[in-house]
Amino acid sequence: ELGWISKVYVNRPAVVRHAEQIKKWKTVEGNWQAAWLLKAVSCIDLTTLSGDDTPSNVQRLCFKAKHPIREDLLKALDMHDKGLTVGAVCVYPARVSDAVNTLKAVGCNIPVASVAAGFPSGQTPLETKLAEIRLAVEYGAQEIDIVISRSLVLTGQWEGLYEEIRLCRAACGEAHMKTILATGELGSLANVYKASMIAMMAGSDFIKTSTGKEVENATFPVGIVMMRAIKEYYWQTGYKVGFKPAGGIRTAKEAITWLMLVKEELGVEWLTPELFRLGASSLLGDIEQQIFYHVTGSYALQHELAMA
Amino acid sequence: PAGNTALVLSPPATAPPLLLLGELSGEGAALPPGVLNVLAGPPGLCQALRAHSEVTSVTFLGVPREELQALVWGSPCRGPRLRGPREGHIVVIVLDSADLDSAATAIAAIAASPPALFPWGGCVVLAQDSVRGALERRLRARLEGLRLGDPMDPKTEVGPLRPGTHSPEGVVQEAQEEGAQVFQAPLLPLPEGGRRFYPPTLISGVAPTSRCLQEPASGPLLVLLSVRGPTEAVAVASALPQTAAAAVWAQDITMALDTADRLPQGLVWLNALDLLDPSGGCPRGAADTDLDEVLREFGCPPWEQPPKVDMPLSPLVTVDDPGDPELAQAVAAARGAALRWGRLPGASRARVLREASAVLEGGHGSPKDGDNGDADGSLQRALLRWAARVERAGGAVQEEPGGRALVTRRPLGVLGVALAWPRPLPLQLLPPALALGNCVLVVTPPGGVGPAQRLRKALVAAGLPGSALTVLPGNSRRSGSHLARQHPDGLWLCGADADCDWTSAVSVPRVWGVPEGLLGALRQDPHPGAERELELRCTRPHCLWLPGGGP
């Protein structure tokens with residue numbers, strides 16, 4: 001429905017000003033902080049997307065995914081029996097089978113998410129993209145993170161973009177699809193909004209800000225614009241699409257600010273792993289540090305917390 | 001910082017923060033003792049202040065208009081200078097090409113906690129038809145999310161009502177009875193501690209005559225009106241009685257700038273609502289808030305002595321005044337002309353003045369009234385000087401971290417001048433007023449009508465619209481008050497006899513008792529400060545905020 005995006009206006013300075021104010025929000029303290037951090041942990045997509053991924057480091061990642069926080073810390077917070085795990089594990093398609101096997105071996109039912117469709121640049125022909133998606137699903141990935149072709153957005157080919165995402169959605173089959181918009185490369189906030197709407201209309205379950213490999217990844221102005229698009233889509237259709245900021249989130253404070261932003265823009269219903277994920281790799285380490293500090297009163301040494 | 005000492009009188013309910021300020025300024029030798037004094041007492045003490053001989057200037061803050069009329073006294077020309085309150089709604093115009101989400105966020109934030117410069121407020125939103133529904137939905141979502149609480153806590157966004165103000169409940173109920181839809185965010189139970197909280201409220205579907213639009217709101221109130229287009233938005237915004245500032249939200253830059261240009265408010269924001277700078281101004285408030293003017297008010301230019309003690313007006317002299325209907329007609333005609341004359345570019349007005357000067361010079365025969373003629377050609381010189389000045393007149397651009405502000409000065413509109421000095425007549429006041437785009441209505445004693453009419457004829461021959469300058473004979477004793485009752489946009493009173501009482505002048509935004517020293521300065525080569533003073537008195541500040549280029 002092209003009519004929805006033809007009248008999109010986004011005022012960049014106003015959004016940036018709003019984002020600046022958000023950074024100044026006083027953060028929560030004490031027990032509330034620990035609670036928000038654990039919530040953030042349950043929403044993390046633990047990610048490893050490097051050229052030198054091998055079965056061994058993927059295995060280590062899966063172990064960490066099952067036990068994101070050290071047992072005794074959780075016991076101190078009285079959360080050890082709640083089965084706290086991260087939201088998902090995110091790897092390249094070639095490593096999906098390793099991840100699935102490891103998780104099955106440890107008896108954990110966290111979904112494995114695979115990136116696909118020519119990650120990270122998206123500059124591959126459509127047939128190979130669809131083939132990659134099908135193969136990832138075959139290997140056992142239950143979530144697929146696809147990448148859109150930025151050139152379609154930059155040249156304004158909205159129907160083309162819609163068609164591409166729709167075909168990817170069909171290829172995913174039963175798997176849950178996240179559409180990565182790569183907002184750092186889309187040019188303007190208005191384009192971000194329009195691309196979000198098209199992605200949602202074409203059937204994405206989640207929209208994701210970035211691949212993590214761009215110059216500018218998840219920033220608050222972009223997040224605000226995408227969340228407003230999600231809200232508008234919900235008002236128009238009643239269908240809730242999830243949001244995932246990825247890339248550049250390294251500290252626990254930022255994670256909490258993202259959670260507060262989601263609560264303010266989208267509402268409390270979006271604060272669950274079904275509708276909100278944080279794409280991060282080193283964030284978990286920082287969150288664990290903050291929880292360690294909260295429980296013991298001092299920061300942990302490097303060897304005291306398990307490496308991901 | 002201008003070097004005055006201040007005495008602050010406040011009702012006991014609001015005194016504690018001021019007393020704290022007084023204490024803090026005394027500690028640490030920040031201010032010498034006696035520079036800032038705080039008195040907590042009933043408003044009746046104002047009368048005592050009035051009688052005190054050493055008080056030179058009195059400013060009112062946060063006083064509703066009705067109470068102000070009961071409190072003011074005396075005349076603008078004698079006694080302490082009085083400054084009125086700054087109050088009013090903030091008008092927000094949302095056009096169809098606006099970023100609705102950002103606009104809704106900003107509007108909700110400002111309705112909840114208005115900026116310090118405009119403490120009385122409430123917000124009136126004029127939304128274009130096509131986006132009204134979407135904007136309303138977003139406003140409701142935002143209002144629901146606002147957090148009420150203790151103003152000292154940085155997380156709260158809506159504080160309690162100011163003590164001593166009425167709850168806006170009455171206004172809201174009236175609106176509901178008139179059939180408007182009222183949406184109120186649910187008020188969570190809060191520890192009271194002697195504070196009253198009012199939930200942020202959105203009222204939509206009211207008529208422009210409703211009470212919630214006529215007076216500034218005393219709580220977080222948002223009124224939403226629907227308009228068909230930018231021209232209608234400008235018309236409605238101009239018709240609202242008390243407005244402090246305005247904002248235009250539109251991404252279409254041509255439409256946005258055009259609309260912002262036509263608004264009468266002194267401070268206009270473009271796609272923003274929370275940027276403030278010292279040059280804000282309000283056309284209908286009684287305060288000049290331009291930085292230049294504030295400094296002027298608290299200081300004393302060299303040709304002026306501090307005003308003397310208030311003396312009662314001597315009894316009425318003979319009645320020879322223009323009647324009210326005559327004045328009303330003249331004012332109405334002047335308003336009609338003011339739009340065109342004020343909008344002309346400076347160069348056209350300068351041309352008219354120059355030609356008038358040539359006409360005066362040419363037709364200078366034997367003056368009929370003898371000693372009131374323009375014997376020394378100073379009037380011509382004044383015309384030429386002001387023509388040159390208005391050609392050069394421009395504004396200023398102030399750069400601030402969030403963007404830039406264009407500060408210009410606009411003509412007041414219709415200016416009423418009551419002249420009283422018998423001879424020689426200070427006609428030099430007229431060229432600046434006309435040059436800067438005002439339409440002037442002059443009331444002079446009978447002896448002065450001749451030269452004034454001659455000047456008028458010369459100007460009309462040069463191209464001035466007929467009703468832009470009207471000369472009426474009248475006794476200046478009461479003409480000041482008569483003029484004030486016609487609600488011109490400005491009122492100048494020249495001379496020891498010209499006067500008006502404050503009660504009728506309160507409705508006029510700018511009243512000025514022209515000091516004698518100023519005119520003396522004009523007669524010879526003018527003091528540069530004198531010309532600037534006149535320029536400032538003939539115009540009001542207009543500030544347009546253009547955000548952009550942020551971090």
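Numbered from 1 within each chain, the chains take letters A, B, ... in sequence-line order. Computed from a predicted model, the values in this text were never measured in an experiment.
For W235(A), the CH2 atom is densely surrounded, since the number of other residues' heavy atoms within 6.0 Å is greater than 12. Annotation: K240(A), atom NZ; neighbour count of heavy atoms from other residues, nucleotides and ligands within 6.0 Å is above 12. Taking a 6.0 Å sphere around CD1 of I253(B), one finds it holds 12 or fewer heavy atoms contributed by other residues, nucleotides or ligands. Within a 6.0 Å radius of CZ in R150(A), more than 12 heavy atoms belonging to other residues, nucleotides or ligands are found.
With D99(B) as reference, N11(A) is the one residue of V225(A), V8(A), N11(A) to meet the side chain to side chain contact (heavy atoms under 4.5 Å, CB included) rule.
For Y239(A), there are no ring pair (Phe, Tyr, Trp, His ring centres under 6.0 Å) partners, not counting sequence neighbours.
At least one side-chain heavy atom of R142(B) sits less than 4.5 Å from a side-chain heavy atom of E264(A).
When D96(B), N271(B), T105(B), D101(B) are compared by the number of non-hydrogen pairs under 4.5 Å with chain A, D101(B) comes out ahead.
The contact list for residues 125-138 of chain B toward chain A, using heavy atoms and a distance under 4.5 Å, reads R137(B), R138(B) by residue number.
Between the side chains of S102(B) and R17(A), not a single donor N or O lies within less than 3.5 Å of an accepting N or O.
A98(B) touches chain A through its backbone: at least one of N, CA, C or O sits under 4.5 Å from a heavy atom, while the side chain does not.
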